[in-house]
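Here the structure is laid out as structure tokens; the discussion comes afterwards.
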Amino acid sequence: MENRIKKVVETIKNAKHCVIFTGAGVSVESGIPPFRGEGGIYNDLDTNDLRLSTYISKPIKSWKTIKQMLFKAGHDYKHNKAHEVIAKLEEAGYCKAVITQNIDNLHQEAGTKTIYELHGNGKTFVCTKCGHHDNFQEVDIDVDFPTCSKCDYLTKPNFTFFEEGLPTDQYEGAIEHIRKCDLIILVGTSGEVFPAANMPLHAKKNGATVIEINPDITFFTPKIVDIIINGKASVVFSLLEKEMF
Ligand code: NAD
């Protein structure tokens, strides 16, 4: 592991445009379960409840599932060492952007500034009728289904439901960085959710070096990964921080 960390640090220092691409695994050590991998909740969820059409037609059932998915770890989970070191890499000029599939806002809370949220953000709400945005604190979540503070109609967490497209501005901003990057670091993502998983494939096609940090092998491992660090995100980023700064 030590030699690989050294190699990763050297690769980051030599990169001109490094992008970090994260998934649910980066937040596991904050207490938020992933979809897949150890402790994954995917098999326990009725994924129909994550469809926009179900949310609108059966909000009570759908909200119960979403609440379990979003808030199983409690309402006040905190960023961990991996989020912190990722923010530090940006501050030091080594990382140009974070592209995340996560909806938990933890990168921002740790200090990351340039971030593209491919699947939106679960800590804000958008009304299904008037489009008004509410912050998490403005909406009562311990009810049958959440309602808009302005018109009292059904509001929905502002993450991408099945049947919805990715947020265009986030997608386009992320793609700009994917085109430019010569290094992409994949952290805690299974690579099974498309079209997001196309981004690392594009980066590799454009000649970027690919580093993967994950305790398991993933869809990406045999296909595009150049340097594998098998380990938990916060452990690996702690070691990386010691070697780097
Ligand atoms: P995933 O659940 O499909 O896969 C999680 C990956 O993280 C697995 O490869 C697993 O081996 C790895 N992992 C587990 N523990 C880890 C650790 N401590 N350190 C590093 N890696 C670890 O996640 P995905 O690829 O992001 O796709 C799932 C989708 O579900 C995403 O679109 C995301 O929006 C959503 N989701 C988000 C959250 C969140 O915001 N925290 C949580 C669950 C699901």
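Read the numbers this way: they start at 1 and go in the same order the structure lists the ligands and their atoms. Bear in mind that the values here come from a model prediction, so they are computed numbers and not experimental data.
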Geometric N/O contact [X] with ligand 1, under 3.5 angstrom:
X: Q101; answer: yes
X: D104; answer: yes
X: A233; answer: yes

Would you mind listing which atoms of ligand 1 come within a distance below 4.0 Å of any non-hydrogen atom of [X]?
X: S27; answer: 41 (N)
X: R36; answer: 1 (P), 2 (O), 3 (O), 4 (O), 5 (C), 27 (O), 28 (C)
X: G23; answer: 26 (O)
X: D216; answer: 11 (O)
X: I32; answer: 41 (N)

Strictly distance-based, threshold 3.5 Å: is any side-chain N or O of [X] a donor or acceptor partner for the main-chain N or O of [Y]?
X: D182; Y: H17; answer: yes
X: E138; Y: N135; answer: yes
X: N80; Y: S27; answer: no
X: T128; Y: L154; answer: yes

Identity and separation of the nearest protein heavy atom to [atom]:
atom: atom 18 (N) of ligand 1; value: E29 OE1, 2.9 Å
atom: atom 6 (C) of ligand 1; value: G188 O, 3.4 Å
atom: atom 36 (N) of ligand 1; value: A24 CB, 4.1 Å
atom: atom 12 (C) of ligand 1; value: N214 OD1, 3.4 Å
atom: atom 2 (O) of ligand 1; value: F35 N, 2.6 Å
atom: atom 32 (O) of ligand 1; value: H119 ND1, 2.6 Å
atom: atom 37 (C) of ligand 1; value: N102 OD1, 3.9 Å
atom: atom 16 (C) of ligand 1; value: G25 O, 3.5 Å

When the ring planes of W63 and F125 are compared, do they come out parallel, tilted or perpendicular, using 30° and 60° as the limits?
tilted

For ligand 1, note which part of [X] has a heavy atom under 4.0 Å away: side chain, backbone, both or neither.
X: S190; answer: both
X: K232; answer: both
X: I103; answer: both
X: E192; answer: neither
X: T189; answer: both

For a quick test of reading the model, state the closest non-hydrogen atom pair linking A208 to L183 and the distance between them.
CB-N, 4.0 Å

Looking only at heavy atoms, which two atoms of I184 and C181 are closest? And how far apart?
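Heavy atoms of I184 and C181 come nearest at CB-SG, 4.4 Å.
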
Ignoring hydrogens and angles, state whether a donor on the side chain of [X] or [Y] is under 3.5 Å from an acceptor on the partner side chain.
X: D49; Y: S62; answer: no
X: T22; Y: T100; answer: yes
X: E109; Y: H83; answer: no

Determine, using heavy atoms of P33 and all atoms of ligand 1, whether some pair is separated by less than 4.0 Å.
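For ligand 1, residue contact (heavy atoms, under 4.0 Å) with P33 is present.
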
Does even one non-hydrogen atom of G40 get within less than 4.0 Å of ligand 1?
no

Electrostatic pair [X]:[Y] at N-O distance under 4.0 angstrom:
X: K64; Y: D144; answer: no
X: D226; Y: K204; answer: yes
X: D104; Y: K123; answer: no

Centroid-centroid distance, Y153 to F145, less than 6.0 Å:
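Between F145 and Y153, which both carry aromatic rings, the centre distance is not below 6.0 Å.
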
